[in-house]
Structures are given as structure tokens and as C-alpha cells.
Number of protein chains: 2
Amino acid sequence: MTLISIGRLSDETGTKIPTIRYYESIGLLPEPPRTASNRRLYDPHAVARLRFIRHARDLGFEIEAIRDFLGLMDHPGGPCHHAHGLVRQHLEAIDAKIAQLQAMRHAIERVSPNCPYNRVEQCPAIEVLSDHALCPDGCP
Amino acid sequence: MTLISIGRLSDETGTKIPTIRYYESIGLLPEPPRTASNRRLYDPHAVARLRFIRHARDLGFEIEAIRDFLGLMDHPGGPCHHAHGLVRQHLEAIDAKIAQLQAMRHAIERVSPNCPYNRVEQCPAIEVLSDHALCPDGCP
DNA sequence: GCTACAATCTCCAGCGACTAGAGGATCAAG
DNA sequence: CTTGATCCTCTAGTCGCTGGAGATTGTAGC
Ligand SMILES: [Zn+2]
Ligand SMILES: [Zn+2]
Ligand SMILES: [Zn+2]
Ligand SMILES: [Zn+2]
């Protein structure tokens with residue numbers, strides 16, 4: 001029964017106020033009741049929902065995936081294999097991104113750290129950026 | 001002396017035409033000369049410049065960093081330590097991102113792959129997203 | 001020359017996921 | 001009663017493109 005203001009919700013979940021209103025505008029958070037003077041009032045259920053959203057976002061899930069999760073959670077008795085699918089998909093996306101970053105790392109690392117010229121002309125750091133042929137295998 | 005059209009430039013660099021015009025609009029590519037009927041004409045210098053931009057973007061450099069690189073390259077006789085600084089900075093950013101993704105990976109991996117309930121209620125995949133306390137150390 | 005059709009032009013709008021600001025109303029404390 | 005914090009709505013900006021509308025121009029076949 002303890003209803004809180006948007007500022008309080010912001011503090012409790014570490015979510016900026018405009019972001020909360022944004023989530024409401026895209027339908028991730030339901031429109032909350034208002035005071036007589038039109039201010040939003042949130043109940044503990046909304047707090048939990050927003051905490052879920054923020055944590056999933058922090059873990060890199062996209063809004064649409066979160067929308068799916070929330071849809072599932074609205075039917076607690078239903079099956080959960082779709083949730084597992086979403087998680088697995090996301091893990092695969094993360095792995096792909098890590099692999100790509102590591103390939104980029106290797107390509108850039110190739111930039112000779114000891115540059116013998118100290119001039120833009122012939123600087124290996126710039127050359128390796130200019131010429132894809134100098135890149136190692138994994139370069140995107 | 002071989003001047004090419006924007007479509008040709010697009011093909012040779014693997015850059016979409018709107019992207020080329022976009023780069024021009026933000027000043028990454030200079031305004032090229034035009035035909036009598038107002039079509040852009042590019043020389044080999046522009047091709048090289050665009051190739052550089054694309055490769056650096058593929059390696060994850062931001063537009064502003066690329067703008068810096070290009071500024072340096074316009075003075076080939078100048079010193080290059082700023083270029084090395086940009087590269088080092090970018091490497092550090094990549095490392096940070098990799099570390100964060102791996103932390104996320106671990107947090108999500110914690111999601112028990114064998115779910116004994118098969119119902120949204122009590123599904124560990126959803127629980128671990130709901131409750132940050134279930135996360136391992138590195139979770140963002 | 002005429003007719004297709006491809007390529008190009010400019011301008012504008014949209015993506016994802018917020019973030020920031022203007023300008024106004026309302027609340028709580030002194 | 002006044003001050004300052006909080007809230008409201010609405011609009012526009014971020015980044016790096018991407019796509020479309022509608023107009024014009026270039027090219028090829030007949
Ligand atoms: Zn150097
Ligand atoms: Zn490369
Ligand atoms: Zn499950
Ligand atoms: Zn966590």
C-alpha cells in the first residue's frame with residue numbers, strides 16, 4: 001500500500017526519471033495511477049518490474065527481449081522454454097561480440113608500439129588503419 | 001585522373017551511397033567536384049580516404065577519432081604520438097568492453113541450464129534476471 | 001528521336017535507448 | 001507567503017547510419 005513518487009522510484013532503482021517515463025511511453029511500464037495533481041504513483045509491483053527491466057538492460061538484453069520476458073512473467077503458470085531460448089540467443093550474441101572485439105583487438109594490437117619514425121608519414125599506427133592487407137586473419 | 005561516380009565509389013569501398021553522402025555532410029569527406037549535371041565525381045584520393053574511414057570504423061573507431069586521424073594525415077610531416085594515443089585509448093576501451101561482456105556472460109551463464117520446473121514460476125532463468133543478488137561478482 | 005530504365009540528386013524521417021532542456025504547475029518547509 | 005524542490009508535458013538531441021519520396025539526368029535499344 002506504500003505508493004511512492006517517481007523520484008523515489010528513480011532513487012530506489014537507479015533509473016533516471018526521463019527513462020522511467022520513456023519506459024512508460026513505449027509500454028514497458030504500465031501507466032501508473034496519479035494523484036489529484038497528476039503525479040505518478042508507483043506501488044511495489046512497479047518497483048520490482050522496473051528493477052527487472054534495469055537488471056536485464058544492464059546485462060545487455062534489448063528492450064524487445066525484455067518485453068518478451070515481461071510477457072511471459074505475466075503468465076506465471078505457462079511454460080518457460082521461450083525464456084531459455086531468449087537467454088541462449090543472447091549468450092550467443094555476447095559470444096559473437098566478444099569474438100569480434102578480440103579480433104579487432106588483435107588487428108589493432110598489430111600496430112607496432114615502438115614507432116621508429118615519430119612522424120605521421122610512415123607511422124605504423126596509421127598505416128595499419130589505412131591498409132586492410134596489413135591486418136591479421138580475424139579482422140572484420 | 002580517373003574520376004568515378006558515387007555508385008562506383010560505393011562498389012569499390014563497400015560503402016552504401018547514403019553513407020558516403022552522410023560522411024560528406026559531416027565533413028569527413030570533402031565536397032567533391034561535380035559534373036555539369038550536378039553529379040559527384042571522386043578521384044583516387046577520395047577512394048583511399050573513404051577506405052581508411054571504413055576500415056577504421058570496422059575496427060570500432062568512432063567518427064571523432066577518425067576525424068582526428070584524418071587531421072593528422074593531412075600533415076604527414078607532423079609528429080604522430082597523438083595517433084598512438086588514440087589507438088591506445090581505443091584498445092583500452094575495447095578491453096573494458098570485453099571484460100564487461102565476459103562479466104555479463106558469467107552472470108547470465110549462471111542461469112541454470114537445466115530448469116526442473118518448466119514453468120515461468122520459479123524458472124531460474126527468469127529469477128536470475130529478476131534478482132541481482134543471485135549474480136556473481138563481476139555483474140555490472 | 002523516343003522510350004525504358006538505371007543512376008543520381010535533395011530533403012526528410014526513422015532506428016535504439018535514452019538524455020536534456022524549456023516552460024509551467026504543485027508540493028513541503030520555514 | 002515565499003522559496004526551492006519536485007513534478008508535469010513536450011520537443012529535440014545523441015550516434016552512425018539507413019531508407020524513402022519525388023525530381024532529374026544518363027544510357028541503351030529501337
Ligand atoms: Zn608513430
Ligand atoms: Zn583489417
Ligand atoms: Zn525454465
Ligand atoms: Zn546482476
Side-chain angles (χ1 to χ4, degrees), chain A residues 3-29 31-42 46 49-70 86 89-90 93-94 97 100 104 140, chain B residues 3-29 31-42 46 49-70 90 93-94 97 100 104 140:
Chain A
L3 301 178
I4 61 176
S5 71
I6 195 170
R8 198 72 210 280
L9 178 62
S10 166
D11 290 345
E12 286 193 16
T13 61
T15 312
K16 294 187 183 169
I17 291 178
T19 305
I20 297 172
R21 294 200 270 247
Y22 168 71
Y23 287 159
E24 181 184 326
S25 79
I26 61 169
L28 265 198
L29 288 175
E31 292 186 24
R34 308 270 186 136
T35 67
S37 64
N38 203 32
R39 294 173 176 214
R40 292 169 176 84
L41 286 178
Y42 295 94
R49 193 175 176 97
L50 180 52
R51 255 202 257 274
F52 176 87
I53 295 171
R54 286 312 312 171
H55 193 225
R57 286 292 301 132
D58 285 343
L59 291 172
F61 284 91
E62 294 169 10
I63 295 281
E64 287 316 300
I66 294 171
R67 202 189 292 278
D68 284 359
F69 279 124
L70 290 170
L86 287 173
Q89 228 177 59
H90 187 51
I94 288 178
K97 209 167 267 178
Q100 203 220 348
M104 275 176 19
Chain B
L3 300 177
I4 59 175
S5 70
I6 196 171
R8 199 70 211 281
L9 178 61
S10 166
D11 289 344
E12 286 193 17
T13 62
T15 313
K16 293 188 182 169
I17 291 178
T19 305
I20 296 172
R21 293 199 271 248
Y22 168 71
Y23 287 159
E24 181 184 326
S25 80
I26 62 170
L28 264 199
L29 287 175
E31 292 186 25
R34 307 272 186 136
T35 67
S37 64
N38 203 31
R39 297 179 174 207
R40 293 170 176 83
L41 287 177
Y42 296 94
R49 193 177 176 97
L50 180 52
R51 254 201 259 274
F52 175 87
I53 295 171
R54 287 311 312 172
H55 192 225
R57 286 291 302 131
D58 284 344
L59 291 171
F61 284 91
E62 293 170 10
I63 294 280
E64 288 315 302
I66 294 172
R67 201 190 293 279
D68 284 0
F69 279 124
L70 290 169
H90 187 52
I94 289 178
K97 209 167 269 179
Q100 204 220 346
M104 276 177 17

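Chain letters run A, B, ... following the sequence lines, proteins first and then strands; every chain starts at 1.
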For R39(A), all residues meeting salt bridge (Lys or Arg N to Asp or Glu O under 4.0 Å), sequence neighbours excluded:
none

For residues 11-28 of chain A, which residues have at least one heavy atom under 4.0 Å from DNA chain D?
I17(A), R21(A)

Side chain to side chain donor-acceptor pair (under 3.5 Å) partners of S10(A), counting only residues at least two apart
none

Range on DNA chain C touched by chain B - first to last nucleotide, heavy-atom distance under 4.0 Å:
dA7(C) to dT10(C)

I53(B) side, atom CD1; I63(B) side, atom CD1 - distance, nearest 0.5 Å
7.5 Å

Taking side chain to side chain donor-acceptor pair (under 3.5 Å) as the test, write out the residues that go with E62(B), two or more places apart.
none

With sequence neighbours excluded, residues passing side chain to side chain donor-acceptor pair (under 3.5 Å) with H90(A)
none

Mind checking ring pair (Phe, Tyr, Trp, His ring centres under 6.0 Å) for Y42(A) and listing every partner two or more places apart, or none if nothing turns up?
none

E12(A): side chain to side chain contact (heavy atoms under 4.5 Å, CB included) partners, not counting sequence neighbours:
I4(A), R8(A), V47(A), R51(A)

Separation of dG16(D) C1' from L50(B) CG (nearest whole Å)
14 Å

Just the rounded figure in Å: distance from C1' of dA23(D) to CZ of R39(B).
11 Å

Can you list the residues that meet the side chain to side chain contact (heavy atoms under 4.5 Å, CB included) rule with D68(A), with sequence neighbours excluded?
H82(A), L86(A)

Starting at the 5' end of DNA chain D, which residue's closest nucleotide do you reach first, E62(B) or S37(B)?
E62(B)

Should T35(B) be listed as having a side-chain N or O under 4.0 Å from OP1 or OP2 of dT25(D)?
no

My understanding is that only residues two or more places apart in sequence, or in another chain, count here; which of them pass side chain to side chain donor-acceptor pair (under 3.5 Å) with E64(B)?
R67(B)

Any base atoms under 4.0 Å from R54(B), or only sugar-phosphate, or nothing? Heavy atoms, all strands.
sugar-phosphate

Within this structure, what is the CZ-CZ distance for the pair F69(A) and F61(A), rounded to the nearest 0.5 Å?
4.5 Å

Provide a list of protein-nucleic acid N or O atom pairs under 3.5 angstrom, restricted to nucleotides 11-13 of chain D.
none

Looking at R40(A), does any N or O in its side chain come under 4.0 Å of the phosphate oxygens OP1/OP2 on dT9(D)?
yes

Residues 19-28 of chain A, side-chain donor-acceptor partners within the protein, below 3.5 Å, at least two apart:
residue : atom : partner : partner atom : Å
Y23(A)  : OH   : R54(A)  : NH1          : 2.7
E24(A)  : OE1  : R40(A)  : NE           : 2.8
S25(A)  : OG   : Y22(A)  : O            : 2.7

Could you check how far CD1 of I63(B) sits from P of dT18(D), rounded to whole Å?
11 Å

Between L29(B) (CG) and dG16(D) (P), how many Å, whole number?
15 Å

